[in-house]
There are 2 protein chains.
Amino acid sequence: MPRRRITQTDVAAMAGVSQATVSFVLNGSTPAGVRISEETRQRVLDAIRITGYTANPAAQRLAGGGLAQILGVFTYEATFPRASRDFYGPFLTGIEHAAERLGVDLLLFTSAPVQDGRRRLTREGWQRLGVADGCLLLGQHEHRGELQHLLDTNYPFVFIGKRGSDGGRLPYVGADYVGGTVRQIDRLVALGHRRIGYVGMRGTDQPTLDRVDGYRSAMKAQGLTTRFVELDDVAATAAEIVDQRFTAVVVAPENHPEELADELERRGRRVPDDVSVLLLGQPHHPRRGGRPWSGFSVPREEMGARALYLLSRLVADDSPKRDRGTGRTPTDLELHQILVCPDVEGGTAAPARDPRPETDNRTDPA
Amino acid sequence: MPRRRITQTDVAAMAGVSQATVSFVLNGSTPAGVRISEETRQRVLDAIRITGYTANPAAQRLAGGGLAQILGVFTYEATFPRASRDFYGPFLTGIEHAAERLGVDLLLFTSAPVQDGRRRLTREGWQRLGVADGCLLLGQHEHRGELQHLLDTNYPFVFIGKRGSDGGRLPYVGADYVGGTVRQIDRLVALGHRRIGYVGMRGTDQPTLDRVDGYRSAMKAQGLTTRFVELDDVAATAAEIVDQRFTAVVVAPENHPEELADELERRGRRVPDDVSVLLLGQPHHPRRGGRPWSGFSVPREEMGARALYLLSRLVADDSPKRDRGTGRTPTDLELHQILVCPDVEGGTAAPARDPRPETDNRTDPA
DNA sequence: GCCTGCTAATAATGCGCATCATCAGATTGA
DNA sequence: TCAATCTGATGATGCGCATTATTAGCAGGC
């Protein structure tokens, strides 16, 4: 029993009309001045109902007709490992939500080969992209050539996460790491902190750059000295924090804040009583019974949703059927969206215990 | 700039050959005795490399050639709400993992309309399914007609979760709730428990039926009396447990075990010292700092992965290109897989405090 | 010189659909 | 009564690919 699809031709035969007529009835609108009588229309609709006809999307796509109503999601890093699952999960949740509301299906490009933990968009990959009307891109390390190909083929796509250098032409939905970080510094200053360290400046990814940027400008605006702590392991970092008599530190979530706090307490510095620790984003690997972090959170779900909405509009505007629309020009869509990262009131921030400068009675650990 | 795809014809022109030749080179095998010289082959491959040609999957699909290498995932319940996200997440993780290994893409059918929290597979939906080579079905409440259509069209699919009544012909990957529950009873008996209650027998879903089944048969095998507690709210349930002097209860995860334990302790019965509570599955809404439950866990990730593998094989066997394969008959695939639910050693099970029968000083509550 | 056998490739076809150009028949205007 | 208009529909075409049938060219056997 070779599964035979019911085609428009089958329906047409049953209704006693031509295949073209069926197509017209289905698409409602008739571009050229083609008219279908109500009677015929009903006959066709009945035939469709009886046969249970379902259009073949591949054929629709090929015939250049409509969109597939499929939007793709490409993740540069492999999403599978538990770790990144925690990270990507919220994005996907937001994306799914938006997809439901838009009535589109989601295509997860899980087929692209992962090389050293990073998914590449190979030639093979390009083939697959075509199934979707457009694509969301998640992750940091996009490849130059790949991007160029996207632009060349005029394939609609949207990045999740701000694109910095020469990202001017790339549509994205990002988070305001700069503003979020600035606010954390201001909060700490308001609590009486002066010696505020920054942990985790390594990395050339955009979030890191933005956080450092925010830290620098906020400290400068407050007239304070920037102090970066950048050591190889958590223990050394904690030692340095103690040593430098910081009363507060801001930490990027990928820098093992949980372990850092543990190390601090092991050295007799309680969090937040002795040292406030603010997290610049959500913990990447939340652990059971972990600390309730203060800091800011990245609105990942909303980013996902907004990105999909944006993509959806790009696709619509890009579609050959665009002219049927409201005639709205593409320029009124915000190609670069930066979302606010709301503050999180946890339990790791407290007023500075002793704002006055102490004697320099440090002991050298490492 | 109307995005123009590069087609096989373009490649052919560049290589100075016919479109058919390009197709042959790409597909390697030539069913009929068509030969391509090594020299020509190279010329075509070069042209492909230069042009960056990527096949159009829609066309491939339409031409009846290969599979789209896309497998679908249809979720009956809306996956979006946080609650069900926690539940479905692990399945999806497993599915994704399998998809990566199989080199297929995943199509999430988020487009189907959700009616009172349940997604329906409407006519619209059928259209969409066709994009994928086959489909995974998640969730309890499938619609009869929908299933029939699947069977009629011979569309490959696999259920996640055991199918009971007349599910004989439906391929599925389920979990051994029966066995898992039996083992919990046996564990409790080994710990000296005799008065073992069952909480949460409502519901006609398969897991519930299986759990009740397991409880019944295990208790019978141990020569003990089955005792079901089925009240409307958690407080009343806790009261009943205390009242009946159960030394242990097994609870289905959808019955608010966390709240139940709280209520028990509020009534002076510590868990597990006074009452052991075993969970028949993972908590549906894990809460921060929740109890470390003893019981068994449902291997959701593995179920997802196994289901996708199974689907993949069904698709392959069903494909018109099957004959090229090893000639393996479809019958050697296990259409009904039941996975073991491993025991979880948490902290909510303890030896029965007082195994000897007490006087029957109960007070009647509701 | 003609047929056979073999290699290397091409032409032609169809998948299911959207769309354009065309057409038959009915109605109207003069 | 014949052309002009309108209504309601059909035939033909092509999307990009896989595949089958066919052909061109050439070596060898008789």
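Residue numbering restarts at 1 for every chain, and letters A, B, ... go by the order of the sequence lines.
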J.: How are the rings of A:Y88 and A:F91 set to each other: parallel, tilted or perpendicular (split at 30° and 60°)?
T.: tilted
J.: Would you work out how much the helix from C:dG1-D:dC30 to C:dA30-D:dT1 bends between its ends, with each end axis defined by five base pairs, to 10 degrees?
T.: 80°
J.: In whole angstrom, give the distance that lies between atom CZ of B:R61 and atom C1' of C:dG14.
T.: 17 Å
J.: Rounding to an integer number of Å, can you tell me how far A:I6 CD1 sits from C:dG16 P?
T.: 12 Å
J.: For B:F109 and B:C135, which heavy atoms make the closest approach, and how far apart are they?
T.: CE1-SG, 3.9 Å
J.: Please check the phosphate of C:dA18 (OP1 and OP2 only) for any side-chain N or O of A:Q60 closer than 4.0 Å.
T.: yes
J.: Is the shortest side-chain N to carboxylate O distance from A:D46 to A:R49 below 4.0 Å?
T.: yes
J.: Counting only side-chain nitrogens and oxygens, does B:N27 get under 4.0 Å of the OP1 or OP2 atom of D:dA18?
T.: yes
J.: Please answer whether the main-chain N or O of A:I70 pairs with a side-chain N or O of A:D105 as donor and acceptor at a distance below 3.5 Å.
T.: no
J.: Quick test: give all pairs of protein nitrogen or oxygen and nucleotides 7-10 of chain C nitrogen or oxygen below 3.5 Å, distance rounded to 0.1 Å.
T.:
unit_1	atom_1	unit_2	atom_2	d
C:dA9	OP1	B:S37	OG	3.3
C:dA9	OP1	B:T40	OG1	2.3
C:dA9	OP2	B:S37	N	2.5
C:dA9	OP2	B:S37	OG	3.0
C:dA9	OP2	B:T40	OG1	3.3
C:dT10	OP1	B:S18	N	3.3
C:dT10	OP2	B:S18	N	3.1
C:dT10	OP2	B:S18	OG	2.9
C:dT10	OP2	B:T21	OG1	2.3

J.: How would you list, by chain and number, every residue that makes a side chain to side chain donor-acceptor pair (under 3.5 Å) with B:T9, sequence neighbours excluded?
T.: none
J.: Identify the heavy atoms of A:Q69 and A:D133 that sit nearest to each other, and give their distance.
T.: N-OD2, 2.8 Å
J.: Measure the distance from CG on B:L26 to P on D:dT19 and round it to the nearest whole Å.
T.: 12 Å
J.: What is the distance, rounded to the nearest whole Å, between atom CG of B:L62 and atom C1' of D:dG14?
T.: 12 Å
J.: So, using side chain to side chain donor-acceptor pair (under 3.5 Å) as the criterion, who are the partners of A:T21 when residues are at least two apart?
T.: A:S18
J.: So, using side chain to side chain contact (heavy atoms under 4.5 Å, CB included) as the criterion, who are the partners of A:Q337 when residues are at least two apart?
T.: A:V173, A:R306, A:L310, A:E334, A:L339
J.: Mind calculating the distance between CG (A:N56) and C1' (C:dG16) to the nearest angstrom?
T.: 6 Å
J.: Just how far, in rounded Å, is C1' of D:dC17 from CG of B:D10?
T.: 13 Å
J.: Can you name the residues that form a salt bridge (Lys or Arg N to Asp or Glu O under 4.0 Å) with A:R41, not counting sequence neighbours?
T.: A:E38
